[in-house]
Amino acid sequence: MFQWISVLTMLAEDAPEEVKQPAGNPLGGMLIPMVMIGVLWYFLLLRPQLNERRQRQNLVESLKKNDKVISIGGIIGTVTNLSADGKEVTLRIDDNAKIRMLRSSIQTVITDEGKPATDS
């Protein structure tokens, strides 16, 4: 039994150098898939969100008097006044009812056909 162990030990010591060395850099093997995941994440998640945010910002900045709008809370009204600092909007929601709200709380602008306006 002792002879087999010594023979196996001698064979293990005589193994070629390339078998003893690890093959390649493990970080290099993982780097390419991680970069691909990052690129995929950017194009599927981050970029569409940035485009949506830009469109919404353009919509809020382009509000003007007599625009028919829908607020985030679902209130439908017509813009009657924009504040001097540009942060508040006054909406007429009925014949005698007016409401002040933040400009950023406007969700969509309704066109004449009754459909929400899109920034194309």
Side-chain angles (χ1 to χ4, degrees):
M1 181 75 164
F2 182 70
Q3 287 179 340
W4 283 102
I5 294 174
S6 63
V7 169
L8 289 176
T9 306
M10 286 183 354
L11 286 175
E13 289 175 0
D14 291 339
E17 286 294 320
E18 56 198 41
V19 174
K20 289 183 181 180
Q21 298 294 326
N25 186 358
L27 181 62
M30 292 179 60
L31 188 62
I32 293 173
M34 293 301 283
V35 168
M36 294 301 290
I37 289 172
V39 168
L40 189 66
W41 178 79
Y42 174 76
F43 281 107
L44 290 179
L45 297 174
L46 188 62
R47 192 167 180 219
Q49 281 183 348
L50 292 174
N51 287 340
E52 257 182 56
R53 186 178 300 159
R54 191 175 306 118
Q55 285 178 351
R56 180 161 166 70
Q57 185 68 27
N58 289 340
L59 176 92
V60 169
E61 288 175 355
S62 67
L63 279 178
K64 57 189 179 297
K65 194 172 181 177
N66 295 325
D67 279 349
K68 193 166 185 180
V69 296
I70 301 175
S71 73
I72 291 174
I75 298 172
I76 300 172
T78 305
V79 176
T80 59
N81 189 20
L82 299 167
S83 67
D85 63 355
K87 292 185 179 182
E88 290 183 2
V89 173
T90 304
L91 296 182
R92 186 181 70 239
I93 54 176
D94 205 0
D95 291 333
N96 295 325
K98 290 186 180 182
I99 187 170
R100 273 184 25 208
M101 60 178 49
L102 293 176
R103 193 176 202 158
S104 61
S105 66
I106 302 299
Q107 183 175 359
T108 57
V109 176
I110 301 174
T111 61
D112 292 334
E113 296 86 30
K115 297 180 182 176
T118 57
D119 291 344
S120 299

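Remember, predicted model here, so these are calculated numbers, not experimental data.
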Chemist: Between Ile93 and Ile75, is there a side-chain heavy-atom distance shorter than 4.5 Å?
Modeler: yes
Chemist: Apply side chain to side chain contact (heavy atoms under 4.5 Å, CB included) to Ser104 and list each qualifying residue two or more places apart in sequence or on a separate chain.
Modeler: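 In terms of side chain to side chain contact (heavy atoms under 4.5 Å, CB included), with neighbours along the sequence ignored, Ser104 is linked to Leu102.
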Chemist: Report the distance from atom CG of Asn66 to atom OG1 of Thr78, rounding to the nearest 0.5 Å.
Modeler: 7.5 Å
Chemist: Quick one: CZ on Arg56 to OG1 on Thr108, what's the gap to the nearest 0.5 Å?
Modeler: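 The CZ atom of Arg56 sits 9.0 Å away from the OG1 atom of Thr108.
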Chemist: Which residues pass the side chain to side chain contact (heavy atoms under 4.5 Å, CB included) test with Asn81, not counting sequence neighbours?
Modeler: Thr90
Chemist: Tell me which pairs pass salt bridge (Lys or Arg N to Asp or Glu O under 4.0 Å) where either residue lies in residues 91-104, with sequence neighbours left out.
Modeler: Glu88-Arg100
Chemist: Report, one line per pair, each donor and acceptor closer than 3.5 Å where one atom sits in a side chain of residues 34-46; sequence neighbours left out.
Modeler:
none

Chemist: Answer whether the closest heavy-atom distance between the side chains of Leu63 and Val69 falls below 4.5 Å.
Modeler: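 When only atoms from C-beta onward are counted, Val69 and Leu63 do touch, with a gap below 4.5 Å.
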Chemist: State, yes or no, whether a side-chain contact exists between Val109 and Ile70 at a heavy-atom distance under 4.5 Å.
Modeler: no
Chemist: Ser71 versus Met101: any side-chain heavy-atom pair under 4.5 Å?
Modeler: yes
Chemist: Could you tell me whether the side chain of Leu91 reaches within less than 4.5 Å of the side chain of Val89, counting heavy atoms only?
Modeler: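 Answer yes - side chains close enough.
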Chemist: Is there any salt bridge (Lys or Arg N to Asp or Glu O under 4.0 Å) pair reaching into residues 59-84, and which pairs are they, with sequence neighbours excluded?
Modeler: Lys64-Asp67
Chemist: With sequence neighbours excluded, tell me which residues meet side-chain hydrogen bond (donor to acceptor under 3.5 Å, both in side chains) with Asp85.
Modeler: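 In terms of side-chain hydrogen bond (donor to acceptor under 3.5 Å, both in side chains), with neighbours along the sequence ignored, Asp85 is linked to Ser83.
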Chemist: Is it true that Ile72 and Ile76 fall in one hydrophobic cluster, defined by side-chain heavy atoms closer than 4.5 Å?
Modeler: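 No, no single cluster joins them.
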